[in-house]
Amino acid sequence: MQEQLNQIKSEFETEINNVDSFKSLEQIRIKYLSRNGIISSLFDKLKEVPKENKKELGKVLNELRDFAVNLFEQKKSEIESQTLLSTSKIDLTLPAHTIKIGSKHILNQTLEELKDIFKSMGFSVFEGPELESDYYNFEALNFPADHPARDMQDTFFINKKFLLRTHTSPVQIRVMEKMRPPVRAIMPGRVYRNEAINARSYCTFQQVEGLYVDRDVTFAELKGTLVSFAKQYYGENLKYRFRPSFFPFTEPSAEMDITCFLCKGSGCRVCKNSGWLEILGCGMVDPNVFNYVNYDSEEFTGYAFGMGIERIALLKYGINDIRIFFENDVRFLKQF
Ligand code: DAH
C-alpha cells in the first residue's frame with residue numbers, strides 16, 4: 001500500500017510540474033482531486049482495512065491529499081500571475097512615479113523661527129481671540145473713543161461692541177490682566193484690516209506681539225532685544241536704525257528699519273528711495289495702559305513691540321508682493 005501511495009505521489013508531482021495552462025491544470029484536478037479522482041478514491045479503501053490499521057492509513061492519506069492540494073494551489077497562482085503579465089498592459093520596466101512630499105508653508109516656517117528666537121531669549125508664547133471687543137482692541141490700549149488714532153487701522157466691525165482685531169496688541173491687555181510682573185511674552189496671531197488689497201497690503205495677515213514688564217525695564221533693553229532678534233533672523237551684518245514714531249499704547253514710540261533688500265541702501269522704488277524698510281513698531285508701555293490692568297506705573301515699566309510676519313518674511317526673501325503668500329501656487333510654495 002505504502003509503495004502504491006509513493007507511486008501516486010511522485011506521478012502527481014511530475015504531472016503537475018509539467019502543467020503550463022489552466023486547461024492542463026484542470027485535467028490534473030479531475031484526475032487526482034475530484035470526487036472520483038485517484039486520491040479521493042483512496043479514501044474509499046479505508047472501509048476495507050482492518051480496524052486497527054484505519055487510524056494509521058487515514059493519517060497517511062490526509063497527508064497525501066494536503067500535499068497534493070498545496071502543490072495544486074501553488075501551481076494555480078503561478079499560472080494566474082503569468083497570464084496577468086502576458087495579457088495586461090502593465091509595463092513593469094517603467095520607472096516609478098516620484099511621490100511629491102508637501103512642506104510647511106513659508107509663513108509657518110517663519111513664525112516658528114521667530115518663536116524659537118524669542119523663546120531662547122526667555123519669552124513665553126500666549127494667544128488671544130481674533131474676534132475682539134472694542135475695549136481690548138482700542139480702549140484699554142489708550143485709543144480714546146472717537147479719537148482719530150482709531151483711523152490708523154481700518155476696522156471690520158461686527159457690531160458696535162465687537163470687531164475683528166486689527167492687531168495683536170489686545171493680547172497684551174489679556175496677558176497683563178491674568179499675570180503680575182515680571183511678564184515676558186510674545187503673542188502671535190491673525191489680524192484683519194479693512195484695506196484695499198494690493199501688493200503691499202492684504203485684508204488679513206499675521207503679527208507677533210511682544211511685551212516685557214518688570215521693575216526698571218529700559219528703552220535700552222528694548223533696543224538690545226530687537227537688535228539681537230533682527231541679527232539672529234537676518235544675519236549678523238544687518239544694518240538697522242530706530243526712528244521716532246507714534247502709537248497710542250507706547251510712549252515714547254519708535255519704528256525699526258533695516259536696509260532695503262533690493263538696493264542694499266542706495267535707494268530704489270521698493271524703499272521709495274530711502275534705502276530703508278520698516279520691520280516693526282515698538283515703544284515703552286504707556287502708563288495709561290498700565291492703569292487699565294491695575295499695574296502700578298510708579299513701580300513697573302515695560303516695553304512692547306509688534307511686527308507683521310508676512311512683512312518679516314517678505315524682506316528676508318526679497319518677495320515684492322504680499323498676495324503671493326495667500327495664493328498657494330505650488331511653484332512659489334515649493335521654493336521653501
Ligand atoms: N499694533 C501695532 C500695529 O499693528 C504694532 C505695534 C507698535 C505693536 C508698537 C506694539 C508696539 O506692541 O509697541 O501697527
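One-based numbering, in listed order, for ligands and for the atoms of each. Numbers here simply count residues along the sequence, with the first being 1.
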**Study point:** Validation row: Phe126, Ile186 side chains within 4.5 angstrom (heavy atoms)
**Key:** no

Part of [X] with heavy atoms under 4.0 Å of ligand 1, whether side chain, backbone, both or neither:
{"X": "Ala304", "result": "both"}
{"X": "Arg193", "result": "side chain"}
{"X": "Met307", "result": "neither"}

Revision key, fill the gap. Among non-hydrogen protein atoms, atom 12 (O) of ligand 1 lies closest to Glu209 OE2, 2.6 Å

Exercise for review: Provide, to 0.1 Å, the distance between atom 11 (C) of ligand 1 and the closest protein heavy atom, together with that atom's residue and name.
Suggested key: Phe249 CE1, 3.4 Å

Looking at [X], which atoms of ligand 1 are within less than 4.0 Å of one of its heavy atoms?
{"X": "Ser169", "answer": "1 (N), 8 (C)"}
{"X": "Gly283", "answer": "13 (O)"}
{"X": "Thr250", "answer": "13 (O)"}
{"X": "Gln207", "answer": "3 (C), 4 (O)"}
{"X": "Phe247", "answer": "7 (C), 9 (C)"}

Check your understanding: Where do Pro188 and Lys115 come nearest, in terms of heavy atoms and distance?
Key -> CG-CE, 4.0 Å

Point to revise | Minimum heavy-atom distance between Leu262 and Val270, given as atom pair plus value | key: CD2-CG2, 3.5 Å

Looking at [X] and [Y], does any basic side-chain N land under 4.0 Å from a carboxylate oxygen?
{"X": "Glu132", "Y": "Arg174", "result": "yes"}
{"X": "Asp154", "Y": "Arg193", "result": "no"}
{"X": "Arg243", "Y": "Glu278", "result": "no"}

Review point. Do Thr166 and Asn137 have side-chain atoms, one donor and one acceptor, less than 3.5 Å apart?
Key: yes

Check your understanding: Hey, are Glu73 and Ser77 close enough side-chain-wise for a donor-acceptor pair under 3.5 Å?
Key -> no

Exercise for review: Applying side chain to side chain donor-acceptor pair (under 3.5 Å) between Gln7 and each of Glu3, Lys9, Glu11, report the one that passes.
Suggested key: Glu11

Check your understanding: Hey, does Phe305 come in under 3.5 Å of ligand 1, counting only N/O atoms on both sides?
Key -> yes

Practice item. Looking only at distances, please establish whether an N/O atom of ligand 1 is found under 3.5 Å from an N/O atom of Thr166. Key: no

Practice item. May I ask whether Gln172 places a heavy atom under 4.0 Å from ligand 1? Key: yes

